[in-house]
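Keep in mind the model is a prediction, meaning the values are calculated, not measured. Count residues from 1 along the sequence.
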Amino acid sequence: MAATMLVAIWPAGIAEGLDAGNAASGASPWPMFRGNPALTGVASSLLPDKLSLLWSFKTGGPVKSSAAIMEGRVFVGSGDGSVYALDLVTGKKSWTAKTGGPVDSSPLVLGGKVFFGSTDASLYAVDAADGKPLWKYVTGDKILGAPNWVKSPKGDADWVLVGSYDFKLHCVDAATGRSNWVYETGNYINGSPAVFEGKTAFGGCDAILHVISLDKGEKVKEIEAGAYIAASVAVADNRAYFGHYENEFLCIDVDKGERAWTFKDRDFPYFSSPAVTKDRVVFGGRDKLLHCVKRENGENLWAFPTQGKVDSSPVVAGDKVVVGSDDGRVYVVSLKDGNKLWSYEIGKPVGSSPAIANGRFVIGSDDGSVYCFGMKK
């Protein structure tokens with residue numbers, strides 16, 4: 001029941017059908033990695049045609065974490081071991097929360113709390129208002145992927161899900177940090193688990209797409225992927241979309257437990273997580289390309305070339321796609337044909353993924369800074 005409610009709130013292709021008035025109203029948060037629990041990477045906010053740098057904020061380490069944006073604040077991790085809360089309008093720091101290692105994990109904002117993993121092997125919960133620590137849950141190894149969430153089966157609690165390099169997916173109570181269940185796999189879990197219809201789907205370095213039930217953390221299916229999966233999986237209409245290390249991008253029919261289609265171009269791995277719209281799938285590759293294929297059958301529609309690998313996960317906002325590249329640039333391209341609409345040179349690799357809300361997008365860079373782009377008043 002609770003998971004169905006989640007899907008109703010965050011349908012795949014959430015931007016389709018949104019009129020510009022709704023999108024521009026400001027009611028367009030980005031509370032987590034990829035924007036929603038199904039990890040589809042589609043924003044409910046539109047972006048202006050003319051973009052400018054509005055502000056940047058310097059941290060003490062590379063910013064591989066992707067931001068969450070909620071109630072006028074930006075929450076983002078840094079390689080300096082901290083998570084920062086910044087004002088979305090001005091970029092001024094509200095608070096800092098410290099951990100014992102670099103924070104590549106993207107924060108989840110839920111119920112007045114901010115949840116994030118650290119390479120110190122811990123999942124943290126802090127108060128969204130002031131960053132004060134609420135609890136810490138320790139796993140057996142580093143956490144690089146973003147946490148996700150689901151309502152408990154009874155609907156009386158929020159549960160937080162996170163994968164760890166201890167080979168396990170952990171489900172903990174959002175209020176207390178106490179463990180609900182732990183599911184063990186055969187290798188590292190690098191990405192974030194996708195939530196859909198009472199289940200979660202995630203890949204790992206064991207080369208398997210795991211589908212497990214959320215109520216008790218029990219196995220539903222294991223589907224061979226053929227190579228290890230570094231990216232997060234996006235799920236829409238019971239199909240899972242992801243790339244792997246042996247140069248293929250897959251669409252898996254979850255019900256049947258088999259491939260619906262396979263996209264293979266050149267021999268380069270995929271670390272980027274996909275954006276899934278009503279009829280398209282967009283993803284970056286280590287072949288220095290941003291790819292767009294038909295969602296129905298994986299047929300190639302266009303590829304946009306950059307000068308570096310694209311580990312950044314693209315986000316679709318209306319008719320635009322935003323993505324970073326290791327060539328040190330951020331790009332906005334047309335969803336329709338892949339033509340470049342805009343770019344900005346940061347100068348250092350951009351492996352962080354964009355977060356889009358309120359007509360702005362926020363992205364981090366290996367230069368240690370967080371950047372916010374939008375329309376100058």
Y371 ring center near F361 ring center (under 6.0 Å): no

Check: K221 side chain, D255 main-chain N or O, donor-acceptor pair, under 3.5 Å: yes

Partner of Y331 by side-chain contact (heavy atoms from CB on, under 4.5 Å), out of V350, V322, T306, V321: T306

Donor-acceptor under 3.5 Å (R280 side chain, L335 main chain): yes

Among P147, S105, S118, P133, the one residue meeting side-chain contact (heavy atoms from CB on, under 4.5 Å) with Y124: S118

Steps toward ring pair (Phe, Tyr, Trp, His ring centres under 6.0 Å) verdict (Y84, F75): CA-CA 6 Å; Y84 294 87; F75 304 90; over 10 Å; no

Check: G81 main-chain N/O paired with T99 side-chain donor or acceptor under 3.5 Å: yes

Ring centres under 6.0 angstrom apart (F242, F249): no

S313 side-chain N/O to S353 backbone N/O, donor-acceptor pair under 3.5 Å: no

Criterion side chain to side chain donor-acceptor pair (under 3.5 Å) on T262 and R259, from CA distance to verdict: CA-CA 7 Å; T262 303; R259 295 188 186 196; 3.0 Å; yes

Sidechain-backbone polar pair: W261 side chain, I252 backbone, donor-acceptor under 3.5 Å: no

Evaluation steps, side chain to side chain donor-acceptor pair (under 3.5 Å), between S232 and S192: CA-CA 5 Å; S232 300; S192 179; 4.8 Å; no

Ring-face cation of R286 near Y270 (centre distance under 6.0 Å, axis angle within 45°): no

Candidate pair H244 and Y228, rule side chain to side chain donor-acceptor pair (under 3.5 Å), full reasoning: CA-CA 6 Å; H244 64 48; Y228 73 75; over 6 Å; no

Gap separating the CD1 atom of I69 from the OG atom of S45, nearest 0.5 angstrom: 8.5 Å

Interatomic distance, W149 atom CH2 to M32 atom CE [nearest 0.5 angstrom]: 9.0 Å

N/O donor-acceptor pair under 3.5 Å between N358 side chain and R360 backbone: no

Intermediate values then yes/no, side chain to side chain donor-acceptor pair (under 3.5 Å), N190 and Y165: CA-CA 7 Å; N190 193 68; Y165 269 52; 2.6 Å; yes

Heavy-atom pair with the smallest gap, counting every atom of K376 and S52: CG-CB, 3.7 Å

